[in-house]
Amino acid sequence: MRIATWNVNSLKIRLPRVEEWLMGRAPDVLMMQETKLADDSAPQMPFRMAGYELAHHGEGRWNGVAIASRVGLSDVSFGFDGRGPDVDGARFISAVCGGVQVISIYAPNGRALETPFYAAKLEWYARLGEWLERHADPNGDLVIGGDFNVAPADADVYDPAEYVGTTHTSAPERRGFQRLLDWGLVDAYRIHHPEGGRFTWWDYRAGNFHKGLGMRIDHLLVTRSVAERCVAAEIDRDARKGKLPSDHAPLWIDLD
DNA sequence: ATGGTCGCGCAGCGA
């Protein structure tokens, strides 16, 4: 089973690129983030035509998460409380696909240290950790994928010095991320790629992609049982190229 | 060059 995650930065404008990518990589499950759509605008038919069911949790202009699956899509829930939009945006959707609980998340950006947005990001991470402890089983088959807006290690940014005093690499953010690993999740990409300098996001500005100035902030975190089945993990850097790309590249894993 | 690019939606914010 191939499971992927991609921050598409507007599913409306990105739909042709997503359809093209689905044809090429043929994932069984695709988690998406920043769809920027309301639920009634979610492109159900294009996904159905491509062979996928689509579950979407959005509010419109901002945020928005989704799961597309061609191996079943059941037990869909939205937000930490299992119901309507989260207090700070549509950032969490869970479903069961092919016997695996799949959770697509879009962590708050945090904007800048010493702002309420940064404090809200840390609080959101705390709530995600609590949700896992209360509602999930570290011995089950579970994948949390998405845009975590955290680069877990210095090897996950092009130059750690450039990020001193900014978000995405601060110690409290990394502690929030580490709590997920401590609960029982494994960074599936890291298993197969211990090397640094592999990124999933590059700023649109100043030709940063072509200069290699990026961060690894999109992740697929899996429970032990899933990690044992994981035989490959890749970032599709080519999807960041060409016409109307997202600023994020897709990330995928293969399970035996 | 002291900014640089997108997306949303139509000004200016968020990333």
Side-chain angles (χ1 to χ4, degrees), chain A residues 5-21 31-43 46 56-66 85-93 104-125 128 145-152 156-170 172-174 176-177 199-219 235-251:
Chain A
T5 183
W6 194 3
N7 180 323
V8 296
N9 185 18
S10 170
L11 185 53
K12 181 180 177 181
I13 202 149
R14 210 70 60 211
L15 186 58
R17 294 292 303 251
V18 173
E19 289 174 309
E20 176 191 25
W21 187 82
M31 292 169 250
M32 288 168 279
Q33 301 83 35
E34 283 206 85
T35 64
K36 298 184 176 178
L37 294 173
D39 290 337
D40 58 12
S41 301
H56 185 271
H57 177 47
E59 56 189 312
R61 298 174 61 179
W62 290 298
N63 311 313
V65 284
D86 306 327
V87 286
D88 49 4
R91 300 180 178 276
F92 181 106
I93 183 170
S104 175
I105 64 110
Y106 174 49
N109 176 282
R111 301 192 197 178
L113 307 183
E114 316 295 336
T115 66
F117 305 100
Y118 176 75
K121 180 179 190 175
L122 299 181
E123 174 61 23
W124 189 89
Y125 261 92
L128 179 58
D147 180 356
F148 287 75
N149 269 315
V150 169
D156 297 317
V157 298
Y158 71 92
D159 181 3
E162 286 291 316
Y163 288 91
V164 172
T166 76
T167 58
H168 293 66
T169 61
S170 75
E173 287 166 277
R174 285 176 169 171
F177 184 86
F199 308 133
T200 64
W201 173 87
W202 301 259
D203 199 306
Y204 281 123
R205 290 171 287 191
N208 275 11
F209 174 69
H210 299 286
K211 296 176 188 169
L213 309 182
M215 285 197 279
R216 192 174 72 96
I217 58 175
D218 300 86
H219 307 290
I235 296 165
D236 270 335
R237 203 175 163 279
D238 285 351
R240 180 62 177 77
K241 301 174 181 172
K243 189 179 168 191
L244 286 177
S246 170
D247 46 354
H248 295 250
L251 163 69

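So you know, we letter chains A, B, ... as the sequences are listed, proteins then strands, and number each from 1.
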Check your understanding: Roughly, in whole Å, what's the span from CZ in A/Arg91 to P in B/dG14?
Key -> 12 Å
Exercise for review: Using whole Å, report how far CG of A/Asn149 lies from P of B/dA15.
Suggested key: 8 Å
Check your understanding: Within this structure, what is the NZ-to-C1' distance between A/Lys121 and B/dG14, rounded to whole angstrom?
Key -> 14 Å
Exercise for review: Can you tell me the distance, in whole Å, between the CG atom of A/Leu213 and the C1' atom of B/dT5?
Suggested key: 14 Å
Exercise for review: Taking salt bridge (Lys or Arg N to Asp or Glu O under 4.0 Å) as the test, write out the residues that go with A/Glu162, two or more places apart.
Suggested key: none
Exercise for review: Applying side-chain contact (heavy atoms from CB on, under 4.5 Å) between A/Gln33 and each of A/Ile105, A/Thr5, A/Asn63, A/Val8, report the one that passes.
Suggested key: A/Thr5
**Study point:** Distance, rounded to the nearest Å, where A/Asn208 contributes CG and B/dG3 contributes C1'
**Key:** 12 Å
Check your understanding: Which residues satisfy the salt bridge (Lys or Arg N to Asp or Glu O under 4.0 Å) test with A/Asp236, sequence neighbours excluded?
Key -> A/Arg25
**Study point:** Nearest-Å distance once atom C1' is located in both B/dG4 and B/dA15
**Key:** 15 Å
Review point. With a 6.0 Å cut-off on ring centres, are A/Phe177 and A/Phe148 close enough?
Key: yes
Point to revise | Same-atom distance (P) from B/dG14 to B/dC10, integer angstrom | key: 15 Å
Exercise for review: Mark up nucleotides 7-12 of chain B, 5' to 3', with B wherever a protein heavy atom is under 4.0 angstrom from a base atom, S wherever such an atom reaches only the sugar-phosphate, and - elsewhere.
Suggested key: SSS---
Practice item. Using the side chain to side chain donor-acceptor pair (under 3.5 Å) rule, take A/Asn208 and A/Asp203 through it: C-alpha gap first, then chi angles, then the decisive distance, then the call. Key: CA-CA 6 Å; A/Asn208 275 11; A/Asp203 199 306; 5.0 Å; no
Check your understanding: Aromatic rings A/Tyr163 and A/Tyr158: how do their planes relate, parallel, tilted or perpendicular, breaks at 30° and 60°?
Key -> perpendicular
Check your understanding: What is the distance from NZ of A/Lys211 to C1' of B/dG4, rounded to the nearest Å?
Key -> 8 Å
Check your understanding: Distance between the P atoms of B/dT5 and B/dA11, in whole angstroms?
Key -> 22 Å
Check your understanding: Starting at the 5' end of DNA chain B and moving along, which residue's nearest nucleotide shows up first, A/Phe117 or A/Arg205?
Key -> A/Arg205
Review point. Under the 6.0 Å and 45° cation-pi test, does A/Arg111 pair with A/Phe117?
Key: yes
Review point. Tell me: NZ of A/Lys243 to P of B/dT5, nearest whole Å?
Key: 19 Å
